[in-house]
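Lettering follows sequence order; numbering is per chain, from 1.
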Protein chains: 2
Amino acid sequence: MRLSTKGRYAVTAMLDLALNGNDGPVTLADISENQGISLSYLEQLFASLRAKGLVRGVRGPGGGYYLGRAADEISVADVICAVDEWVELTRCNPRPSSADIQRAMTHSLWDDLSQQIYIFLTDISLEDLVRRGLEREDRGGKGAKVANLLGLNDQAA
Amino acid sequence: MRLSTKGRYAVTAMLDLALNGNDGPVTLADISENQGISLSYLEQLFASLRAKGLVRGVRGPGGGYYLGRAADEISVADVICAVDEWVELTRCNPRPSSADIQRAMTHSLWDDLSQQIYIFLTDISLEDLVRRGLEREDRGGKGAKVANLLGLNDQAA
DNA sequence: ATTTAACCCACTACAGCACTAGGTTATATC
DNA sequence: GATATAACCTAGTGCTGTAGTGGGTTAAAT
């Protein structure tokens, strides 16, 4: 398991789709402006996402991207794995020294942890994130929350 | 939250200390050989770990490193945060456009997730990892497990 | 026919990872 | 006290992956 800015970009872009995909497809140009990511970099990310069936592209004018499945059927782990492609080769020496054995020990313990993180992220869907975010908007609605996020409550917006 | 090979190196090195720290301090030279990490890189990592009090160095011959606290008092999050130092700057524009607002939305959702992962890793101690690993050695003891890890069960070791 | 926007490919600037190579200090041993 | 050990420190460097630029082509709507 790996967790980098690349994964974050992918997840936030997917959240963008989840939030705005209801009224037609979302263009990469929109996401690029929303998220402040370059268009071509997004194209690379979405090529990976598309290969895993996580998004569906619609060509031509009025086109863009939809989520490939329902938001509650796409886990955070799905998205991160799609763009990160870790191969994690644990090569085994034919004649292991005691150092090799130590390495295998700690490495296997790390793998356990990695597996636990993976399972954890598998259980969180895009829908979960969106709903949990919306739940905190009891008072004031979406605008107030965003304004609060931006630290705008005491100034003009 | 960030999760890279650097964090993995730090955690496996700390696990090395947890496993071998009972009979005297562990030298970085040992860890370097065990884990296949360069000595100087380990020194850099341990400088960070030392700064956070996660390890305690003993100088001179027979010296090395101990864990700074008991293994059940050191979480995986502690270790990863010590070496990764993510600053995560979320700058706010004085006059936010609708794109800024979209960005703040998805960014805050990501932060929620990041927070959840952090809490998750805070609840896992080095002791947990070691014990959980040892628990699977019911049959055959440590040697058999390691041999199995190395795929050695059918060949000479 | 033209425009839109997905889709594709090659190349490049940059940051952080991991290493190399030199030091200096503290301490145990002879 | 001389010596060896191993922590501790600093500067520099190659490498890998990130993120971007700049060109394309294809499919579909107008």
Side-chain angles (χ1 to χ4, degrees), chain A residues 2-13 16-17 20-21 24-68 80 82-89, chain B residues 2-13 16-17 20-21 24-68 80 82-89:
Chain A
R2 198 160 104 196
L3 210 53
S4 63
T5 54
K6 193 176 183 179
R8 192 185 74 203
Y9 281 148
V11 170
T12 51
D16 210 321
L17 286 194
N20 302 317
V26 183
T27 68
L28 290 187
D30 286 341
I31 300 179
S32 172
E33 220 219 328
N34 286 346
Q35 308 293 334
I37 316 172
S38 82
L39 183 61
S40 268
Y41 191 42
L42 275 175
E43 283 179 342
Q44 289 176 39
L45 296 179
F46 272 72
S48 303
L49 295 172
R50 214 179 79 90
K52 294 280 170 60
L54 298 178
V55 295
R56 184 167 48 90
V58 178
R59 288 180 152 195
Y65 280 97
Y66 287 109
L67 291 180
I80 290 175
V83 297
D84 260 347
E85 94 231 24
W86 79 97
V87 193
E88 191 86 21
L89 53 146
Chain B
R2 199 161 102 196
L3 208 52
S4 63
T5 55
K6 193 177 184 179
R8 192 185 73 204
Y9 282 150
V11 171
T12 52
D16 211 320
L17 286 193
N20 301 319
V26 183
T27 69
L28 291 187
D30 285 342
I31 300 179
S32 173
E33 220 219 329
N34 285 346
Q35 307 293 335
I37 315 172
S38 85
L39 182 60
S40 266
Y41 191 43
L42 274 174
E43 284 178 341
Q44 289 177 39
L45 296 180
F46 272 71
S48 302
L49 295 172
R50 213 178 80 89
K52 294 281 169 61
L54 298 178
V55 295
R56 182 167 49 88
V58 178
R59 286 180 153 196
Y65 280 98
Y66 287 108
L67 290 180
I80 290 175
V83 298
D84 260 348
E85 96 235 21
W86 77 98
V87 195
E88 191 86 20
L89 54 146

| Under 4.0 Å protein heavy-atom contacts per nucleotide of nucleotides 24-30 of chain D, with B for base, S for backbone only and - for none | --BBBB-
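In terms of phosphate contacts, A/Y65 brings no side-chain nitrogen or oxygen within less than 4.0 Å of OP1 or OP2 of C/dA5. Phosphate proximity of C/dC17 to B/R2: present, with a side-chain N or O under 4.0 Å from OP1 or OP2.
Regarding A/R50, its CZ atom lies at a distance of 8 Å from the C1' atom of C/dA6, rounded to whole Å. Regarding B/L45, its CG atom lies at a distance of 15 Å from the C1' atom of D/dC9, rounded to whole Å. Rounded to an integer number of Å, the gap from CD1 of A/I31 to P of D/dG20 is 14 Å. One atom, OH of A/Y66, and another, C1' of C/dA5, lie 14 Å apart when rounded to the nearest Å. Following rounding to the nearest Å, B/L42 (CG) and D/dC9 (C1') show an atom-to-atom distance of 15 Å. Regarding B/L28, its CG atom lies at a distance of 8 Å from the P atom of D/dC8, rounded to whole Å. If you measure from atom CZ of A/R56 to atom P of C/dA5, you get 17 Å, rounded to the nearest angstrom.
One distance of note links CZ of B/R8 with CD of B/Q35; it measures 9.5 Å at 0.5 Å rounding. One finds the CZ atom of A/R2 at 7.5 Å from the OG1 atom of B/T5 (value rounded to the nearest 0.5 Å). Expressed to the nearest 0.5 Å, how far CD of A/Q44 lies from OG of A/S38 amounts to 7.5 Å. Of the inter-residue distances, the one linking B/L39 atom CG with B/F46 atom CZ reads 10.5 Å to the nearest 0.5 angstrom.
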What donor-acceptor contacts under 3.5 angstrom involve side-chain atoms of residues 53-66 of chain A, with partners at least two apart or in another chain?
none

I'd like a list of close polar pairs between nucleotides 18-20 of chain C and the protein, N/O only, cut-off under 3.5 Å.
| residue | atom | partner | partner atom | Å |
| --- | --- | --- | --- | --- |
| C/dA18 | OP1 | B/T5 | OG1 | 2.2 |
| C/dA18 | OP2 | B/T5 | OG1 | 3.0 |
| C/dA18 | OP2 | B/K6 | N | 3.2 |
| C/dA18 | OP2 | B/Y41 | OH | 2.9 |
| C/dC19 | OP2 | B/S38 | N | 3.3 |
| C/dC19 | N4 | B/Q44 | NE2 | 2.7 |

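Under a cut-off of 6.0 angstrom, the local environment of CD in A/E33 is sparse, with at most 12 non-hydrogen atoms contributed by other residues, nucleotides or ligands.
In this structure, B/L17 and B/I31 have side chains that are in contact, with non-hydrogen atoms separated by less than 4.5 Å.
Scanning all heavy atoms of the two residues, the minimum distance from A/D84 to A/S4 falls at OD1-OG, 3.9 Å.
Inspection of the B/N20 and B/D16 side chains reveals an N or O donor paired with an N or O acceptor under 3.5 Å.
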